[in-house]
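These notes concern the structure reproduced below.
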Amino acid sequence: MIMGNRNVRDAPGTFARARAWQAGRVPTGRRTTRRGPRSAQLAVTAVVLTVTIAVAGCSSSGPRDNETPPTTTTTASLTTVATPGSTSLALGSATPGTFTVGPGASTPTTPIPTTPSTPAPLTPAQARCTAVVMASLSPTERAGQVLMVGVPAGSATSVTKTVTGYAVGGIFLRGRSTISASSLRQQLAAVQAASRRTTGVALHVAVDQEGGKVQTLSGKGFVALPTARTQGSWTTSALRARITASAKALRAAGITVNLAPVADTVAVADIPRNPPIGKVAREYGHTPSAVAADVTTVVAASRAAGLGTAAKHFPGLGRVRANTDYSSSAVDAVTTAKDPNLAPFAAAVTAGTPMVMIASARYPRLDSQRIAAFSPAIVTTLLRGTMKFPGVAISDDLGAAKALAAVPVGTRAAAFIGAGGDLVLTVRADQAPAMRKALLAQAARSASFTRRLDQAAGRVVASKVAAGLVSCTPAQLAGATD
C-alpha cells in the first residue's frame with residue numbers, strides 16, 4: 001500500500017539550492033559540485049529530429065538479478081493501454097484491471113529546476129553525419145534502431161544473429177559475469193563488426209554497473225563499487241575518482257552506456273518497505289538535494305571518461321511498495337509534476353545525461369490511465385516539456401518484467417515509442433521480431449506514428465554519432481546538408 005507523503009520534504013532551503021543548479025553550482029551543505037557543460041537541439045534531414053548532443057548513454061533495470069525475487073507479491077492486471085495522444089495508436093488492449101492504493105497526500109508545489117544543461121553541441125560534421133546515416137537506413141532498419149535486447153554478460157556473441165537479423169540498435173549485458181575486460185572487449189568487437197556489416201551503424205552496449213548487488217561485471221580489469229548508499233557517504237572528490245576509474249574501465253572494454261545513476265530518493269522511513277531501491281541500498285541519499293549532488297557528480301565523471309549514462313527510474317521509484325520486476329502493483333500515489341523528488345532527475349538533465357530511463361510503475365497523479373512507460377503525460381509533457389530533456393528516453397525492461405505481463409509484447413514497444421520514448425529495452429532478445437513487427441505495422445497505419453518512430457531512431461543514431469560510434473567519410477559529409 002502506498003503511504004502518505006511523509007519524510008520526503010528536504011531541509012529548509014532545498015529549492016533555493018536546487019535553483020542554484022541553474023546558476024552553475026550545487027550547494028548541498030555537505031559539499032559543492034559543479035554542473036556539466038551545455039547541449040543543443042538540432043533538426044536533421046527530413047526526419048523531425050531532436051538531437052541530444054552528448055556522449056551516448058542508456059539505462060535499465062528489469063527483472064535481471066538486481067535483487068532476490070520476493071517470496072510473495074501482490075499482483076494486479078494492467079488497465080487497457082490507452083491511445084497516446086496524437087500518434088493515434090491502434091494498439092489493441094491489455095486485460096483490464098484495477099489497483100488498490102492507499103491514501104495520497106499533498107506535496108510541496110515549489111517548482112523543480114527546468115533549465116537543461118546542454119552537453120557539448122554536435123559539430124556541423126556530426127550533424128551532417130547523422131543525416132547521412134538516417135538517410136541510409138530503411139524503415140525496417142529504423143525500427144530496429146529503437147530496440148535494445150538482452151544478452152548474457154559473459155557470452156555477448158550469442159546475440160549476433162539477432163543483431164544481424166533485426167538490425168537492433170543496442171544490446172544489454174544482463175546477469176552477472178566474471179569475464180575479464182579484455183575478453184569482453186574481444187566479444188563485443190565481433191558483435192560490433194556484425195552490426196556494422198548489417199547496417200553500417202554500431203551498437204550501443206549497455207550494462208548495469210551501479211555498485212553493490214547491482215554490478216554486472218566483476219572480472220579482471222573492472223572496478224568494484226559498493227552500494228550507491230555507501231558511495232553517497234563519500235566526499236565529492238572520492239566519488240568522482242572512483243566513478244572515473246570505473247567508467248574508463250567499462251569504456252575500454254567496449255561498453256558505451258552504464259544504466260546508472262539511480263536518481264530515486266528514498267526517505268529513511270521508507271527504506272524497509274521500498275523493494276526495488278531502498279531494501280538493496282541503491283539510493284545515494286535520503287533527500288532530493290543529497291541525491292542530486294551525487295547524481296551530478298556521477299553523470300559528469302562518466303561523461304568525462306567517455307561513458308554514457310542513464311538516470312533512472314523516472315519519475316522515481318523511491319515511494320513504491322512493490323518491484324515492477326516481480327509485480328504489477330507498483331504504484332506511487334504521491335508524486336506530482338512539481339514533486340521535490342524530481343529534483344535529482346532535473347540535476348541529471350542539467351549535468352548532461354544523454355539518456356533517462358522511464359519506470360514501469362503507475363503514477364495516478366500524473367496519469368490515471370497508464371504506467372509511466374506508456375504515458376505521454378510523463379514521457380513527453382513532463383520529461384520533454386517541463387524538464388526540457390532533449391536526449392534519448394529509454395524504457396525500463398519491457399521484456400520480462402511482471403508489470404508488463406498483461407500487455408502483448410509488440411504492443412509494449414509501440415506504446416512506449418508512441419508515448420515519446422526512443423529506445424525500447426527488453427532483456428529477452430527473442431522478443432525483437434515481435435516488437436519490430438508491431439512498430440512497422442503501426443507505422444503503416446499512422447503517418448504521425450511514422451514520424452514519431454523516425455524521430456526516435458534519429459535520436460538514437462545522433463547519440464551514437466556524438467559518442468564516436470558512427471563516423472562518415474568526407475565524401476559522405478560533402479553530399480549532406482545540415
### Message
Checking the side chain of R251 only, and the main-chain atoms of G306 only, is there a donor and an acceptor separated by less than 3.5 Å?
### Response
yes
### Query
Is the backbone N or O of R229 less than 3.5 Å from a side-chain atom of S233, with the two atoms forming a donor-acceptor pair by type?
no
### Query
Is the closest side-chain heavy-atom distance between D454 and R451 below 4.5 Å?
no
### Message
Nearest 0.5 Å, please: how far is CG in L423 from CD1 in I394?
### Response
4.5 Å
### Task
Check whether any side-chain heavy atom of F374 sits under 4.5 Å from a side-chain heavy atom of Q369, and report yes or no.
no
#### Entry: Gap separating the OG atom of S246 from the CG atom of N258, nearest 0.5 angstrom
6.5 Å
### Message
Can a donor-acceptor pair be found, under 3.5 Å and without considering hydrogens, that links the side chain of N274 to the backbone of V320?
### Response
yes
### Test applied, side-chain hydrogen bond (donor to acceptor under 3.5 Å, both in side chains); reference residue, D270; option that passes from H286, R319, K279, R321
R321
### Query
Nearest 0.5 Å, what's the CD1-OG1 distance between I243 and T297?
9.0 Å
### Task
Drop me the distance from S360's OG to D396's CG, to the nearest 0.5 angstrom.
5.0 Å
### Close side-chain approach of V257 to L259, heavy-atom, < 4.5 Å
yes
### Message
Under a 3.5 Å threshold, yes or no: a donor from one side chain and an acceptor from the other, between T335 and D332?
### Response
yes
### Query
Taking S327 for the side chain and N323 for the main chain, is one N or O donor matched with an acceptor at less than 3.5 Å?
no
### Query
Do T227 and T230 have a side chain donor and acceptor closer than 3.5 Å?
yes
### Message
Between the side chains of R370 and D367, is the shortest nitrogen-to-carboxylate-oxygen separation below 4.0 Å, so that they form an ion pair?
### Response
yes
#### Entry: Side-chain donor-acceptor contact under 3.5 Å, Q431 with T426
yes
### Query
Is it true that a side-chain atom of R282 and a backbone atom of P276 form a donor plus acceptor pair closer than 3.5 Å?
yes
### Task
Verify, without hydrogens or angle tests, whether R362 (side chain) and S368 (backbone) share a donor-acceptor contact under 3.5 angstrom.
no
### Task
Give the minimum heavy-atom separation between V280 and P275, together with the two atoms involved.
CG2-O, 4.2 Å
### Query
Is there a side chain to side chain contact (heavy atoms under 4.5 Å, CB included) between H313 and D264 once you walk through the steps?
CA-CA 7 Å; H313 311 77; D264 307 319; 2.8 Å; yes
### Query
Is there a side-chain contact between L469 and T256, using heavy atoms and a 4.5 Å cut-off?
yes
### Task
Grab the two heavy atoms, one from G170 and one from L203, that are nearest each other, plus how far apart they are.
N-CD2, 3.9 Å
### Query
So, T380 side chain and A419 main chain: donor-acceptor pair closer than 3.5 Å or not?
yes
### Task
Determine, step by step, whether F416 and L398 satisfy the side chain to side chain contact (heavy atoms under 4.5 Å, CB included) criterion, reporting the C-alpha distance in whole Å, the side-chain angles of both residues, the deciding distance to 0.1 Å, and the verdict.
CA-CA 9 Å; F416 179 67; L398 299 184; 4.0 Å; yes
### Summary
Which of Q215, K312, K213 passes side-chain hydrogen bond (donor to acceptor under 3.5 Å, both in side chains) with D208? Answer is K312
### Query
To the nearest 0.5 Å, how far apart are CZ in R242 and OG in S237?
12.0 Å
### Message
Using a 3.5 Å distance criterion without hydrogens, assess whether the side chain of Q231 forms a donor-acceptor pair with backbone atoms of P226.
### Response
yes
### Query
Between L317 and A361, what is the shortest heavy-atom contact and its length?
CD2-CB, 3.8 Å
### Closest approach of A438 to T411 (non-hydrogen atoms, all atoms of both residues)
CB-N, 4.5 Å
#### Entry: Value rounded to 0.5 Å, distance of OG in S375 from CG in L383
11.0 Å
### NZ/NE/NH1/NH2 to OD/OE distance under 4.0 Å, K402 and D397
no
### Message
If we count only N and O atoms by modelled type, under 3.5 Å, do the side chains of T353 and T309 hold a donor and an acceptor together?
### Response
yes
### Query
Any side-chain heavy-atom pair from D339 and P315 closer than 4.5 angstrom?
no
### Query
Closest heavy-atom contact between L342 and M387?
O-CE, 3.7 Å
### Message
Quick check against the 3.5 Å criterion: does S302 have a side-chain atom that pairs as donor or acceptor with the backbone of V298?
### Response
yes
### Message
Determine whether R240 and T244 satisfy the following criterion, side chain to side chain contact (heavy atoms under 4.5 Å, CB included), listing intermediate values before the conclusion.
### Response
CA-CA 6 Å; R240 183 186 301 112; T244 297; 4.1 Å; yes
### Message
What I'd like to find out is whether the side chain of L217 reaches to under 4.5 Å of the side chain of V207, using heavy atoms alone.
### Response
yes
### Task
May I ask you to decide if V461's main-chain N or O and Q145's side chain share a donor-acceptor pair within less than 3.5 Å?
no
### Message
Give me the atom names and distance for the closest heavy-atom approach of A400 to R428.
### Response
CB-CD, 4.3 Å
### Task
Check whether any side-chain heavy atom of L184 sits under 4.5 Å from a side-chain heavy atom of F222, and report yes or no.
yes
### Task
Kindly determine whether L366 and L382 satisfy side chain to side chain contact (heavy atoms under 4.5 Å, CB included), including the steps that lead there.
CA-CA 9 Å; L366 293 171; L382 181 57; 4.1 Å; yes
### Task
Taking the side chain as every heavy atom from C-beta outward, state whether Y284 and P261 have any atom pair closer than 4.5 Å.
yes
